[in-house]
Amino acid sequence: MAAHILPRAGRGGGQGGALRRLLLVAAALVAAALVAGLVTAVVVLSTQQGSISAAHEAPALLQGCLGGVDQQADPADCLVGRDVWLAAPSKPVSRLRTPVNLVVVHHTGTEPCRSRAKCVELIRDLQQLHMAAPRNWSDIAFNFLVGGDGLVYLGRGWDTVGSHTLRWNNKSIGVAAIGTFTAATAPAALQRALHQLLDWGVSLGKLAADYGVLGACQVRPTDSPGERFMQDVRASPRWTNVSSGDGTC
């Protein structure tokens, strides 16, 4: 009987050893996967932090602004690109036929910004709001935005139809002043940036030489660009006295 038991015990021990080795290999694989996942998470987090920090730093292109648009600055040097404010990719959009002869001015209805970091934060939030339900727009609504820091932020740009003013999008450029200007006056740096942006548009052939400016509230049921800022819009020699049945100002 012993002669038969020992070989069986040997085979059973061999199977137990193989099972233990298999479990050890599996445990090693799981540990390796966990380590790899941790390393990947650290790398992704570091990359994201680096990208966010980069958005708050002054790109070399913006150094010519000296903190804002002035009479000597080239508007192209004061344009903050979509990569700088960490824009999400747009969905399919339509091409805008230029030059257009109309600019529609808005305000964002948010808090204002006087630093690039704050402007970037607000613009990113706006893009997320515009692209999410229930709007589901292709991108941030505006072609450009201007901040109290005196910089111009690229939205959809000169050659893309916006979603800023229903029934006027395919024949105008929509520019938003970052802030709420119902009672508050738009900063001088913001207004200079807006004027130089539009002059630049003429020089590029994107705006007609005789373009006009109107406030969104003239043609849509909105308070944008705010009662106080609308006073400045009306004071502009470019102001166009048009209205529609939907207008509220």
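All heavy atoms count here, side chains included; hydrogens, waters and symmetry mates do not. All figures in this text were calculated on a predicted structure; none of them were measured in a lab.
Among D246, T248, T165, the single residue meeting the side-chain hydrogen bond (donor to acceptor under 3.5 Å, both in side chains) criterion with R220 is D246.
Residues A208 and P99 approach most closely at N-CB, 3.7 Å, considering heavy atoms. Between Y153 and C119 the shortest heavy-atom distance is OH-CB, 3.3 Å.
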Audit row: V100, K171, side chain to side chain contact (heavy atoms under 4.5 Å, CB included) steps and yes/no: CA-CA 6 Å; V100 296; K171 52 187 175 184; 5.6 Å; no
Residue pair I178, L126: steps toward the side chain to side chain contact (heavy atoms under 4.5 Å, CB included) verdict: CA-CA 10 Å; I178 302 174; L126 275 174; 5.9 Å; no
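Residues V213 and L204 share a single hydrophobic cluster, defined by chaining ILVMFWY side chains whose heavy atoms lie under 4.5 Å apart. Under a hydrophobic clustering in which Ile, Leu, Val, Met, Phe, Trp and Tyr are joined whenever their side-chain heavy atoms come within less than 4.5 Å, directly or via other members, V93 and F144 fall into different clusters. Cluster membership for V202 and V152, using ILVMFWY side-chain heavy atoms within less than 4.5 angstrom, is shared. Note on F181 and V105: same hydrophobic cluster, where clusters join Ile, Leu, Val, Met, Phe, Trp and Tyr whose side-chain heavy atoms are under 4.5 Å apart, directly or indirectly.
In this structure the side chain of C217 never reaches within 4.5 angstrom of the side chain of D223, judged on heavy atoms.
Every residue was checked against the salt bridge (Lys or Arg N to Asp or Glu O under 4.0 Å) condition with R114, not counting sequence neighbours, and none meets it.
With values rounded to the nearest 0.5 angstrom, M131 atom CE is found 5.5 Å from D139 atom CG. Distance check: I173 CD1 to D159 CG gives 8.0 Å after rounding to the nearest 0.5 Å.
For Q231, the CD atom sits in a packed shell: over 12 heavy atoms of surrounding residues, nucleotides or ligands are nearer than 6.0 Å.
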